[in-house]
Trainee: 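The structure under discussion is supplied below as structure tokens; questions concerning it will follow.
All values reported here derive from a predicted model rather than from experimental measurement.
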Amino acid sequence: MLRMLASRYAGGGARPACGLRDPGRSLSRQASEAPPNQPPSSEFMARPVGVCSMMRLPVQASPEGLDAAFVGVPLDIGTSNRPGARFGPRRIREESVMLRTVNPSTGALPFQSLMVADLGDVNVNLYNLQDSCRLIQEAYHKIVAAGCIPLTLGGDHTITYPILQAMAKKHGPVGLLHVDAHTDTADKALGEKIYHGTPFRRCVDEGLLDCKRVVQIGIRGSSMTVDPYRYSRSQGFRVVLAEDCWMKSLVPLMGEVRQQMGGKPMYISFDIDGLDPAYAPGTGTPEIAGLTPSQGTRPSWQLTCCLRCCVLSPK
């Protein structure tokens, strides 16, 4: 989850430097403290060197003093097909060595205005999904209570449910931008009501979502019914099928999403199977004819730079 503010930028007509900030925090407080953590440059530190943290940022046990933090949730016992997402946080951290401090395409300079670190992983229970959800909710409640903005590395999609439970305690019902091949609004499977296909159904049941501000993008795949999106639409969700995104720029769509969200708190959840499996073959539930990487980056770029405030959970 990440609550963001598009930063102000000095005049001159240059591209805005989109730092990410918590609206409740004072920038003067940040400026009075130690310089923000920075990912080390490969010009001075070889990429294989150092602790395997996200972007090789410092690792710390407490969220105190942080504006934002990466948090791993290595869970995959809620998945219905291929497992392996428990190793996701570790692999993401390994590959993040290639990430640098500036995004020239958006002008984002997050490390100039945020104190960021890696909080490590939630200690989930790999033998009990219900208990894992409890542990996740408790961990995120503490992080949010400290005023720190968690950035989640998953993990199967079950984890979104307890994270949103923790978020709703502070923000109330939030909007949702959900990029995925599946709506994840099933009621149950094999008699169980909590697994990676049900998180948003459970969120609706508990009033965690502002349903008029929910958009699901990239949805596709075969189904057991002729109208698999009926539940989502009956709740007021906007469902954007993958076929409606083929051969198109998503810039106009994201403009509409920004208007729909209205600058209020929202949650962004990106399931890797939203992308076509040609680009992400390791996903546990591959569906052909999905989004391209360039389309997949558009929602995050435009929302983080243009929304007044949002909540983000990379997955």
Side-chain angles (χ1 to χ4, degrees), residues 1-7 17-40 45 50-75 88-90 92-93 96-97 99 101 108-125 131-155 159-172 174 208 265-269 304 308-315:
M1 294 158 281
L2 176 59
R3 204 186 195 193
M4 306 175 177
L5 267 183
S7 70
C18 299
L20 310 178
R21 303 170 183 155
D22 184 333
R25 284 178 172 262
S26 166
L27 292 180
S28 61
R29 183 200 66 78
Q30 296 179 7
S32 66
E33 298 178 351
N37 298 326
Q38 293 278 339
M45 181 177 178
V51 175
C52 186
S53 64
M54 187 64 183
M55 300 180 73
R56 295 192 292 177
L57 288 164
V59 177
Q60 65 181 65
S62 169
E64 297 296 332
L66 296 177
D67 297 301
F70 292 100
V71 185
V73 186
L75 185 75
R90 186 169 297 182
I92 292 170
R93 289 183 173 107
S96 74
V97 71
L99 295 176
T101 59
L109 300 164
F111 298 102
Q112 288 192 1
S113 58
L114 289 176
M115 180 65 80
V116 188
D118 191 326
L119 293 180
D121 296 333
V122 176
N123 187 21
V124 296
N125 183 346
D131 190 44
S132 287
C133 287
R134 177 188 64 82
L135 292 168
I136 295 166
Q137 182 183 7
E138 290 177 356
Y140 275 76
H141 177 71
K142 293 177 182 177
I143 294 169
V144 172
C148 178
I149 304 158
L151 289 164
T152 304
L153 314 174
I159 69 174
T160 312
Y161 168 49
I163 291 172
L164 277 169
Q165 287 179 315
M167 291 302 300
K169 287 183 179 180
K170 180 173 183 178
H171 299 287
V174 298
L208 309 180
M266 61 167 292
Y267 182 91
I268 303 176
S269 187
T304 57
R308 175 75 177 163
C309 177
C310 67
V311 177
L312 167 67
S313 176
K315 178 175 177 291

Trainee: Once side chain to side chain contact (heavy atoms under 4.5 Å, CB included) is applied, do any residues pair with Lys169, and if so which ones, sequence neighbours excluded?
Mentor: Gln137, His141
Trainee: When rounded to the nearest 0.5 angstrom, what is the spacing between CZ in Phe70 and CG in Leu119?
Mentor: 10.5 Å
Trainee: Using the test side-chain hydrogen bond (donor to acceptor under 3.5 Å, both in side chains), find all partners of Arg134 that sit at least two apart in sequence or belong to another chain.
Mentor: Asp131, Glu138
Trainee: Which heavy-atom pair separates Pro89 from Gly155 by the least distance, and what is that distance?
Mentor: CD-N, 4.1 Å
Trainee: Using a 3.5 Å distance criterion without hydrogens, assess whether the side chain of Asp67 forms a donor-acceptor pair with backbone atoms of Met115.
Mentor: yes
Trainee: So do Tyr267 and Leu208 actually touch side chain to side chain, heavy atoms under 4.5 Å?
Mentor: no
Trainee: For the residue pair Ile159 and Val124, establish whether any side-chain heavy-atom pair is separated by less than 4.5 Å.
Mentor: no
Trainee: Mind listing the closest non-hydrogen atom pair of Met54 and Asp118 along with its distance?
Mentor: N-OD2, 2.8 Å
Trainee: Does anything in residues 53-62 pair up under salt bridge (charged side-chain N to carboxylate O under 4.0 Å, His left out), and if so which pairs, sequence neighbours excluded?
Mentor: none
Trainee: Under the side-chain hydrogen bond (donor to acceptor under 3.5 Å, both in side chains) rule, collect the residues that match up with Gln165, sequence neighbours excluded.
Mentor: Tyr161, Glu206
Trainee: Could you check whether any side-chain heavy atom of Tyr140 comes within less than 4.5 Å of a side-chain heavy atom of Val73, counting everything from C-beta outward?
Mentor: yes
Trainee: Work out which heavy atom in Val122 is nearest to a heavy atom in Leu135; give both atom names and the distance.
Mentor: CG1-O, 4.0 Å
Trainee: To the nearest 0.5 Å, what is the distance between CG on Leu66 and SG on Cys148?
Mentor: 5.0 Å
Trainee: Below 4.5 Å, heavy atoms only, C-beta onward: do Pro36 and Val116 meet side chain to side chain?
Mentor: no
Trainee: Taking all non-hydrogen atoms of both residues into account, name the closest pair between Pro58 and Ala117 and its distance.
Mentor: O-CB, 3.3 Å
Trainee: Does Ile163 form a side chain to side chain contact (heavy atoms under 4.5 Å, CB included) with Thr152? I'd like the steps, not just the answer.
Mentor: CA-CA 9 Å; Ile163 291 172; Thr152 304; 3.8 Å; yes
Trainee: Taking only residues two or more places apart in sequence or in another chain, which ones pass side-chain hydrogen bond (donor to acceptor under 3.5 Å, both in side chains) with Asn37?
Mentor: none
Trainee: Could you pull out the closest heavy-atom pair between Met55 and Pro40, with the gap in Å?
Mentor: O-CD, 3.9 Å
Trainee: As an exercise, state the distance from OG of Ser62 to CD1 of Ile143, rounded to the nearest 0.5 Å.
Mentor: 9.5 Å
Trainee: Roughly how far, to the nearest 0.5 Å, is CG of Leu75 from CG of Asp121?
Mentor: 11.0 Å
Trainee: Which heavy atom in Thr160 sits nearest to a heavy atom in Ser269, and how many Å separate them?
Mentor: OG1-OG, 3.8 Å
Trainee: For Thr101, enumerate each residue passing the side chain to side chain contact (heavy atoms under 4.5 Å, CB included) test, keeping only those at least two apart in sequence or located in another chain.
Mentor: Gln38, Pro39, Phe111
Trainee: Enter the distance from Cys52:SG to Arg90:CZ here, rounded to the nearest 0.5 Å.
Mentor: 8.0 Å
